[in-house]
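Here's the structure we're looking at; comments come further down.
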Amino acid sequence: MDKSKRPFLKFKRSFRRRLPPIQSGDRIDYRNMSLISRFISEQGKILSRRVNRLTLKQQQLITLAKKQARILSLLPFLNNEKQFERTESTSRTTGFKARNK
């Protein structure tokens with residue numbers, strides 16, 4: 001059968017190869033905060049390998065570096081900025097205290 005007469009022939013898509021997120025000269029270390037912060041979400045969680053495009057070994061090294069940075073107080077354990085934005089709970093307590101006086 002001729003190639004031009006195949007009804008369900010899938011065409012190959014060309015794609016641009018993405019650059020690796022960690023260059024060969026970059027060292028994954030707890031002191032390299034600019035590198036670690038690229039792989040951490042706003043809430044302080046480590047992003048997945050699929051999102052980061054890291055290898056298994058690189059992801060493990062990022063995890064260890066993040067844990068060491070947390071222990072040495074270079075990174076916070078929790079990011080609680082959103083927790084303190086609630087004003088509704090504070091207004092309830094002030095109204096409750098005012099009634100008891």
Side-chain angles (χ1 to χ4, degrees):
M1 186 177 237
D2 219 11
K3 286 186 179 180
S4 61
K5 294 185 180 183
R6 291 183 189 170
F8 298 109
L9 180 67
K10 291 185 179 179
F11 294 101
K12 290 185 179 179
R13 293 183 184 175
S14 63
F15 65 94
R16 196 174 100 195
R17 188 173 182 127
R18 294 182 181 170
L19 295 173
I22 297 178
Q23 303 299 327
S24 60
D26 289 341
R27 185 169 181 175
I28 302 173
D29 198 21
Y30 67 92
R31 291 172 280 179
N32 194 352
M33 293 306 300
S34 61
L35 180 71
I36 294 174
S37 62
R38 289 193 318 200
F39 304 109
I40 295 176
S41 68
E42 292 178 4
Q43 293 134 1
K45 297 180 181 178
I46 299 174
L47 297 173
S48 68
R49 279 183 57 208
R50 184 171 43 94
V51 173
N52 289 335
R53 301 185 322 265
L54 294 175
T55 63
L56 179 63
K57 190 168 188 175
Q58 289 172 338
Q59 183 77 6
Q60 289 171 347
L61 289 172
I62 289 287
T63 304
L64 285 174
K66 182 185 176 199
K67 288 180 181 180
Q68 289 173 345
R70 280 179 170 172
I71 290 170
L72 294 172
S73 301
L74 299 174
L75 275 177
F77 278 93
L78 296 173
N79 191 2
N80 291 335
E81 293 176 7
K82 293 182 180 179
Q83 185 179 8
F84 296 114
E85 291 177 5
R86 301 175 84 188
T87 57
E88 185 179 327
S89 61
T90 56
S91 63
R92 287 182 192 165
T93 56
T94 54
F96 181 70
K97 288 180 183 176
R99 277 190 237 145
N100 287 340
K101 287 184 178 180

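By convention here, the first residue in the shown sequence is residue 1. Values below: every heavy atom of this structure, side chains too, minus hydrogens, waters and symmetry copies.
Taking every heavy atom of both residues into account, Ala65 and Ile36 meet most closely at CB-CD1, 3.7 Å. Annotation for Leu47 and Arg38: closest pair CD1-O, 4.4 Å, computed over non-hydrogen atoms. Contact record, Pro21 with Asn52: CG-O, 3.1 Å, taken as the closest heavy-atom pair.
The line from CG of Leu56 to CD of Gln58 is 10.0 Å long, rounded to the nearest 0.5 Å. Of the inter-residue distances, the one linking Lys57 atom NZ with Leu61 atom CG reads 7.0 Å to the nearest 0.5 angstrom. To the nearest 0.5 Å, the span separating CZ on Arg49 from CD1 on Ile62 amounts to 12.5 Å. The line from CE of Met33 to NZ of Lys66 is 10.0 Å long, rounded to the nearest 0.5 Å. The CD1 atom of Ile28 sits 7.0 Å away from the CG atom of Leu54 when rounded to the nearest 0.5 Å.
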What side-chain donor-acceptor pairs closer than 3.5 Å can you find for residues 68-76, not counting sequence neighbours?
unit_1 : atom_1 : unit_2 : atom_2 : d
Arg70  : NH2    : Gly44  : O      : 3.1

